Structure formats: structure tokens, C-alpha cells
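Here is the naming used below: chain letters follow the sequence lines, and residue numbers restart at 1 for every chain. These numbers were taken from a predicted model, which means no experiment stands behind them.
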Protein chains: 2
Amino acid sequence: MSDSPSADAPITVHLAYLLAQANREINRQLETRLRAEGVPVEQWRILKVLSDGNGRSMGDLAEAALLNHPTLTKTIDRMVADSLVYRISDPGDRRKVLIFCSERGKALGRRLAALALDQEAFIAENYGGKPMAQLKRLLGTLIERSG
Amino acid sequence: MSDSPSADAPITVHLAYLLAQANREINRQLETRLRAEGVPVEQWRILKVLSDGNGRSMGDLAEAALLNHPTLTKTIDRMVADSLVYRISDPGDRRKVLIFCSERGKALGRRLAALALDQEAFIAENYGGKPMAQLKRLLGTLIERSG
DNA sequence: TTCGGAATGTTGAATTTTCAACCGTTGAAG
DNA sequence: CTTCAACGGTTGAAAATTCAACATTCCGAA
């Protein structure tokens with residue numbers, strides 16, 4: 001009578017599993033596209049978030065780019081070494097460090113944005129625009145409800 | 001006139017981003033639940049896949065548990081050390097190694113399965129059973145179309 | 001039969017991530 | 001004012017992951 005999943009149900013009934021699998025797949029697709037610029041997906045997220053020209057604190061950026069705090073520190077170290085971003089101590093609160101995009105970073109960010117939009121278009125073609133929009137909407141509310 | 005995302009759209013329009021964010025969130029939830037047994041999510045997936053009592057080759061298991069090949073080898077090393085699983089060389093094809101669940105592994109797997117089903121129920125409550133079912137369906141077809 | 005390429009796993013080095021401890025700064029209570 | 005708990009970020013050691021190279025086995029073609 002119940003439709004709740006039973007103990008011997010396949011692992012694919014779990015939302016946690018389906019999300020991990022879908023994320024893995026789509027992430028791989030994006031990864032291979034970004035390989036044209038030799039940039040990992042995490043750096044695309046960082047550059048994308050910074051692409052409006054505003055600076056972000058490490059904390060805000062970590063949350064937006066889906067990275068843990070120490071991981072972001074070290075990723076930013078690499079990106080600074082590559083002259084993609086730079087740090088500025090926040091004058092209003094000297095505990096904070098603001099991250100800004102360099103010109104080089106912005107240029108790279110634009111090229112990456114084109115690649116990422118390509119992927120969006122590709123998925124929309126192969127999967128259908130309407131299901132894709134619906135999926136995005138459902139994911140958005142799931143994230144809201146889980147934060 | 002077009003509804004295709006523009007270059008300066010926020011990162012949240014990207015399916016790749018929403019999937020990563022949702023996965024991160026749900027994975028964290030599951031992680032904290034599984035912490036009661038001190039087991040990482042990857043080992044839950046492995047034990048879950050093996051819970052039917054059949055053995056799996058490293059390759060099949062890697063695919064099912066969403067792990068890269070060398071990562072799985074090392075994870076299985078740890079699980080063998082913990083007496084959760086064991087290796088048997090496939091008699092039919094001696095290149096292959098079959099992984100089986102020990103009794104201890106099965107018992108742990110049952111406890112983990114209960115925790116994972118708890119999470120499913122929790123999500124269904126907070127998010128709604130119908131949206132959840134729809135989300136699962138959309139993810140399933142996305143995975144099919146992307147494999 | 002024998003050879004060579006493909007399939008299956010493992011290994012070790014290098015990279016990356018994580019965990020815990022740390023330092024400097026802030027804000028606010030006493 | 002002081003003091004002190006909390007915040008924001010970094011660091012170094014430990015753990016996990018990845019990459020490339022490797023060994024073994026299988027299989028098909030010469």
C-alpha cells in the first residue's frame with residue numbers, strides 16, 4: 001500500500017544518488033568543454049561570480065563558488081599566480097579580503113562563459129528546453145528548502 | 001525575443017551550477033546522517049550496490065558507485081582492512097576482481113540503508129512528495145540522455 | 001600457434017582537498 | 001577604556017584523489 005522506498009530498492013531511488021550521478025555527468029561534459037582553455041570547473045565558477053566587476057570577500061565567494069574555505073584560499077593562490085584575480089584587504093573591515101578579477105581574468109571569463117553557454121544550448125537540444133527549465137526550477141526550490 | 005541565457009546572466013541559470021549546488025547540499029545532509037556510523041557517502045554507495053549479495057567487478061562497481069577507477073581501488077583497500085568487503089579473482093576472467101560484501105558489511109549496509117531512507121522521507125516531507133518524484137524522473141531521463 | 005592490441009586492475013608520484021590549529025581584527029559587554 | 005568571545009582568513013600536516021605508467025590476462029588475426 002505504501003509507496004515509500006523499501007530497504008532493498010535499487011540505489012537509483014535515492015535522490016542523493018541521482019543528484020550525484022547527474023552532477024557527475026554534466027560536470028564531466030562541462031570539464032571537457034573548458035579543457036579548451038585549460039581551466040577547471042571551479043575556476044569557471046569563480047570567474048563567473050566575479051564577472052560583474054565587483055569584489056567579493058573570501059567567505060561570500062566560497063559560498064557562491066561552492067568551495068570550502070581552505071580550498072578557496074588555495075585556489076585563489078593559484079589564480080593570483082596566473083594573474084587572473086587579485087586580493088585587496090577590505091578597508092571597511094580589515095579581517096576581510098576582497099577578490100577582484102583582473103583584465104586577463106575578465107577576458108578568460110568571457111571565453112569560458114561562451115563555452116558554458118554552448119553546453120546549456122547543447123543540453124537544451126538533446127534533452128528538451130521545457131524539461132530543462134522544469135528541472136532547473138525544481139532544483140532551485142530544492143536548494144531553497146535545503147539551505 | 002530569445003529566452004536563451006545571456007552572457008551576463010547569473011551563474012544560477014546554468015544547469016551545471018544548480019546540479020552542483022543541489023548535490024552539495026543533499027550530500028552534506030546525507031553525510032551528517034551517515035556520521036552516526038562513521039562511514040563516508042562513497043562507502044554507503046558501495047555497500048548499497050553490493051547489498052544484493054552478488055559480486056561486482058571493480059569496473060562495474062566503479063561505475064555504479066560513481067567513483068574513478070584508482071579511487072575505488074584504494075577505497076576497497078580500506079574497506080577490506082575494515083572487513084566490510086573482500087576480493088575474489090573472477091574464475092571466468094582472471095583479469096577481473098570481484099568484490100563481495102562480508103556479513104559485517106551487510107549488517108552495516110542495513111543500518112546505513114535505514115539512515116538513507118530516513119533522509120528520503122525527510123526530503124519528501126520538507127519538499128513535497130510530488131515535486132520530489134518529478135525531480136527524480138527528470139534527473140533519470142537527463143542521466144539516460146547524457147550517458 | 002603466436003603475436004600484438006585491448007581490457008582490467010593496481011601502483012606510486014604529484015596534485016588537491018580536508019581538518020585542526022592558528023593569527024589578526026572586530027564588536028560589544030563590563 | 002579593557003577584555004574577550006566571535007569572525008574572517010590562512011597555514012601546515014594528513015588524507016584523499018588523480019594522473020600516468022605499469023602488469024596481467026584475454027582475444028582475435030596472421
Verdict with reasoning, A:D60 to A:V49, per side-chain contact (heavy atoms from CB on, under 4.5 Å): CA-CA 10 Å; A:D60 291 352; A:V49 169; over 6 Å; no
Stepwise side-chain contact (heavy atoms from CB on, under 4.5 Å) check, A:D8 with B:D52: CA-CA 8 Å; A:D8 61 337; B:D52 63 1; over 6 Å; no
- prompt: Would B:L15 and A:M132 count as a side-chain contact (heavy atoms from CB on, under 4.5 Å) if you check the C-alpha gap in whole Å, the side-chain angles of each, and the deciding distance to 0.1 Å?
  reply: CA-CA 8 Å; B:L15 183 58; A:M132 187 175 178; 4.2 Å; yes
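Within the 4.5 Å cutoff, the side chain of A:E25 has no heavy atoms near those of the B:I143 side chain. Side-chain contact between B:V97 and B:D90: absent, with no pair of heavy atoms (C-beta onward) separated by less than 4.5 Å.
By the neighbour-count criterion of 12 heavy atoms within 6.0 Å, atom CD of B:Q29 is densely surrounded, having more than that number from other residues, nucleotides or ligands.
Contacts of residues 32-40 of chain B with DNA chain D (heavy atom under 4.0 Å): none. Residues from residues 48-63 of chain A lying near DNA chain D, meaning a heavy-atom separation below 4.0 Å, are A:S57, A:M58, A:G59 in numerical order.
Without hydrogens or angle criteria, A:Q119 side chain to A:I26 main chain gives a donor-acceptor distance under 3.5 Å. Using a distance-only test at 3.5 Å, with no hydrogens or angles considered, a donor-acceptor pair links the side chain of A:R104 to the main chain of A:D82. With B:Y127 contributing its side chain and A:T141 its backbone, the two residues share no donor-acceptor pair below 3.5 Å. Looking at B:K136, its side chain does come within 3.5 Å of a backbone N or O of A:V13 through a donor-acceptor pair. A:S57 places no side-chain N or O within 3.5 Å of a backbone atom of A:L98 that could act as its donor or acceptor partner. Between the side chain of A:R145 and the main chain of B:N126, a donor-acceptor pair closer than 3.5 Å is present.
First and last contacts of DNA chain D with chain A, using any nucleotide atom under 4.0 Å from a protein heavy atom and ordered 5' to 3', fall at D:dC7 to D:dA13.
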Name each donor-acceptor pair under 3.5 Å that joins a side chain in residues 69-79 of chain B to protein atoms two or more places apart or in another chain, with its distance.
unit_1, atom_1, unit_2, atom_2, d
B:T73, OG1, B:H69, O, 3.4
B:T75, OG1, B:T71, O, 2.9
B:D77, OD1, B:R87, NH2, 2.1

Under 3.5 Å, N/O pairs linking protein and nucleotides 12-17 of chain C:
unit_1, atom_1, unit_2, atom_2, d
C:dG12, O6, B:K74, NZ, 2.6

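A residue-by-residue look at A:K96 and A:D77 shows that A:K96 has its nearest nucleotide of DNA chain D further toward the 5' end.
Summarising the geometry, the separation between NE2 on B:H69 and C1' on C:dG9 is reported as 5 Å, rounded to the nearest angstrom. C:dA28 atom C1' lies 12 Å from atom CZ of A:R95, rounded to whole Å. Put simply, CD1 on B:I88 is 14 Å from P on C:dG9, counting in whole angstrom units.
Using bins of under 30°, 30° to 60° and over 60° for the plane-to-plane angle, the ring pair B:W44/A:H14 lands in the perpendicular bin.
Placement of A:Y17 and B:L50 within a single hydrophobic cluster is found when ILVMFWY residues are connected by side-chain heavy-atom separations under 4.5 Å, directly or transitively.
Across its full length, the helix from C:dT1-D:dA30 to C:dG30-D:dC1 shows an angle of 10° between the axes of its 5 terminal pairs at either end, rounded to 10 degrees.
Close to C:dG24, at under 4.0 Å from its OP1 or OP2, lies no side-chain N or O of A:R94.
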